[in-house]
Number of protein chains: 2
Amino acid sequence: MKIEEAQTEQVIKEKAKELFFKKGLIKTTTQEIADAAGVNRALIHYYFRSREHMLSILLDEAMEEKRARVKSILSFDLPFREKIARYIDAIITYNMTYPYLENFIISETVRNKDRTEAYCARNQSRSSDLIRDQLAEEIQQGRLAPITPEHFLVNLIALCNYPMLAKPILRTIHGMTEEAYHEFLLERKQVIYMTIFKEEMPSVS
Amino acid sequence: MKIEEAQTEQVIKEKAKELFFKKGLIKTTTQEIADAAGVNRALIHYYFRSREHMLSILLDEAMEEKRARVKSILSFDLPFREKIARYIDAIITYNMTYPYLENFIISETVRNKDRTEAYCARNQSRSSDLIRDQLAEEIQQGRLAPITPEHFLVNLIALCNYPMLAKPILRTIHGMTEEAYHEFLLERKQVIYMTIFKEEMPSVS
DNA sequence: GCTTGCGTTAACAAAAATGTTAAACAAAAA
DNA sequence: TTTTTGTTTAACATTTTTGTTAACGCAAGC
C-alpha cells in the first residue's frame with residue numbers, strides 16, 4: 001500500500017529504538033528488528049544500507065535529541081537553582097521512559113570513538129557554556145563551593161544517569177523490587193538537588 | 001612444556017581481562033583472545049567450555065574483586081570521612097587502571113540479569129550496612145544533611161564511576177585531550193569529596 | 001493498456017563466530 | 001619401555017548473522 005510506504009523507514013527506526021532504548025536488547029539482530037517492525041529483513045538494508053549504518057543513525061538521533069533537551073532546559077531564562085531543578089526532573093523522567101538509552105549511547109560511543117568525535121565536531125555546543133555565568137555568580141555570592149562548570153555538570157549528569165545505567169546491579173545489591181527501585185529513582189530527584197545545593201528542592205511547577 | 005601447563009588457563013583469563021577491562025573491546029571474539037594468549041582457540045573451550053561460560057567467570061571474578069576491595073576499605077576502623085576519602089581515592093585509581101571494567105560489568109549485568117541475581121544471592125554483603133551506623137551518627141551530629149545509606153552510596157559510586165564509564169563522550173563534549181581528561185579524573189577525587197562533605201578533602205596518607 | 005519506478009519479498013550467498021573431534025604430543029606413572 | 005593421562009592442535013561442522021539479488025506487485029504517469 002502506497003499510503004504506508006513513507007512510514008516504513010520510520011516504523012523500522014521506532015521498533016529498533018524500542019528494542020535498544022526501552023528493552024535494552026543490545027545484541028538485537030537485524031532479523032529481530034525486522035520482525036518487530038513486521039517487515040522483511042532486506043528492507044533494513046534497503047533503507048539503511050547496513051546494520052552498522054543504522055546504528056550510527058540511531059546514535060546520532062539519540063544524541064541529538066538529548067542535546068536539544070539539555071540545551072532547551074539550560075537556556076531557559078530562570079534562576080540557576082530552578083534551572084538545575086528542572087534539569088534533574090527532566091533527565092530522570094526521560095531516563096525512566098527510555099531505561100536503556102544511556103546504556104546504548106555509552107556502549108556505542110565506546111565502540112566507535114571516531115564517530116563520537118565526528119558528531120561532536122559537527123555539533124559544537126558545550127553545555128558547560130550554558131551555565132558558566134550563572135554558576136560563577138552563585139559561587140561568587142558564596143551560595144556554592146567553588147567548582148568548575150565541567151565538574152559541576154559531570155557531577156549532575158553522573159548523579160542522574162548512573163542509577164539507571166547500573167540499575168540491574170544496584171537493584172540487586174540493595175535488594176529492591178522493581179517497584180521499590182522505581183520509587184528510589186523518583187526520590188533521587190530530591191536527593192540529587194539536596195546533594196548539590198544542600199537545601200530542599202523547590203517543587204517543580 | 002609441563003611447566004607452563006598450569007598457567008595456560010590463567011594466561012587466557014589474563015589476556016581476556018586485558019582485552020575487556022583495559023582495552024574495552026567488548027565484541028572481542030574467542031579467536032582474538034586465543035591469539036592474544038598465543039594459544040589455539042580450542043583451548044578456550046577446553047578450559048571454559050564456551051565463550052559465554054568464560055564471560056560468566058570473568059564477570060564473577062571482577063565483581064568479587066570489587067566487592068572485596070569495597071568491603072576492605074569500608075570495614076577499616078577509621079573516622080567516617082577518612083573512610084570515604086580512601087574509598088574515593090581507591091575507586092578512582094582502580095578505574096584508571098582498568099578503564100573499561102565498569103563498562104564490562106554493566107553491559108554484562110544488563111545482558112544477563114539472572115546471573116547478576118544469582119551472584120548477589122550467593123554473595124550477600126550490603127555495602128550500605130558497612131556505613132549505616134557511622135552515616136547515621138554523622139547526620140545526627142548535624143554534620144551531614146539527612147540521607148539514606150543507599151542514596152549516599154549510589155551518589156558516591158555514581159560520582160566516581162560515571163566519568164570513566166562515559167569517558168569517550170564526556171571527553172569529546174568538553175573538548176579535552178587524553179592527558180587533560182586524565183587530570184580531570186584526578187581532580188575529581190577532591191571534587192567528589194567536596195561535593196559530598198562541603199569541605200576540603202584531607203590528604204590521604 | 002503499457003511502462004516505469006519504488007517498495008517489497010523470498011531465496012540465495014557469504015561471512016563471521018562458535019563449538020566439536022580425532023589425533024598428536026609430552027610428561028609422569030607403571 | 002609401555003601405558004596412561006592431561007594438554008594442545010588442526011581440521012571439520014554448525015550456527016548465527018549479515019549482505020545481495022532477482023523477481024514480483026502495485027500505484028502513477030504516459
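To find a chain, count down the sequence lines: A is the first, B the second, and so on, and within it residues start at 1. Quick note: numbers below take in every heavy atom, side chains included, and nothing from hydrogens, waters or symmetry partners.
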Q) Excluding sequence neighbours, so at least two apart, what forms side chain to side chain donor-acceptor pair (under 3.5 Å) with E52(B)? A) R111(B)
Q | Set of side chain to side chain donor-acceptor pair (under 3.5 Å) partners for Y193(B), sequence neighbours left out | A | E199(B)
**Q.** Any side-chain donor near an acceptor of the partner, H151(B) and R188(A), under 3.5 Å
**A.** yes
Q.
If I take atom OH in residue Y46(B) and atom P in nucleotide dT7(D), what distance separates them, rounded to the nearest angstrom?
A. 4 Å
Q: List in chain and number order the residues that pass side chain to side chain donor-acceptor pair (under 3.5 Å) with T29(B), two or more places apart in sequence or in another chain; answer none if no residue qualifies.
A: E32(B)
Q) What is the distance, rounded to the nearest whole Å, between atom CG of L43(B) and atom P of dA24(C)? A) 18 Å
Under 3.5 Å, which N/O atoms of the protein pair with N/O atoms of nucleotides 10-17 of chain C?
from: dA10(C); atom 1: OP2; to: N40(A); atom 2: ND2; distance (Å): 3.1
from: dA10(C); atom 1: N7; to: N40(A); atom 2: ND2; distance (Å): 3.3

**Q.** DNA chain C base-pair string [pairs: Watson-Crick or G-U under 3.5 Å; |: paired with another strand]
**A.** ||||||||||||||||||||||||||||||
Q: Provide, to the nearest angstrom, the distance between the NE2 atom belonging to H45(A) and the P atom belonging to dT20(D).
A: 7 Å
Q) Using a distance-only test with no angle check, is there a side-chain donor-acceptor pair under 3.5 angstrom linking Q31(A) and D35(A)? A) yes
Q. When the distance from CG of L55(B) to C1' of dT18(C) is rounded to whole Å, what number comes out?
A. 12 Å
Q) Hey, are T93(A) and K189(A) close enough side-chain-wise for a donor-acceptor pair under 3.5 Å? A) yes
Q.
Between T8(B) and dT7(D), is there a contact of a side-chain N or O with OP1 or OP2 at under 4.0 Å?
A. no
Q) Are Y162(B) and Y162(A) close enough, and set up right, to give a ring pair (Phe, Tyr, Trp, His ring centres under 6.0 Å), and what steps lead you there? A) CA-CA 6 Å; Y162(B) 187 83; Y162(A) 187 84; 7.4 Å; no
Q: Please report, rounded to the nearest Å, how far the C1' atom of dT17(D) is from the CG atom of D35(A).
A: 13 Å
(Q) Does dT18(C) have OP1 or OP2 under 4.0 Å away from a side-chain N or O of S50(B)? (A) no
**Q.** Test side chain to side chain donor-acceptor pair (under 3.5 Å) applied to K66(B) - qualifying residues, sequence neighbours left out
**A.** E102(B)
**Q.** Polar side chain donor-acceptor pair, Y94(B) to E65(B), under 3.5 angstrom
**A.** yes
Q.
Please report the distance, rounded to the nearest Å, between CD in E32(A) and P in dT16(D).
A. 12 Å
Q: Whole angstrom is fine here: how far is it from CD in Q31(A) over to P in dT17(D)?
A: 10 Å
Q: Measure from CD1 on I33(B) to P on dG19(C) and round the result to the nearest Å.
A: 11 Å
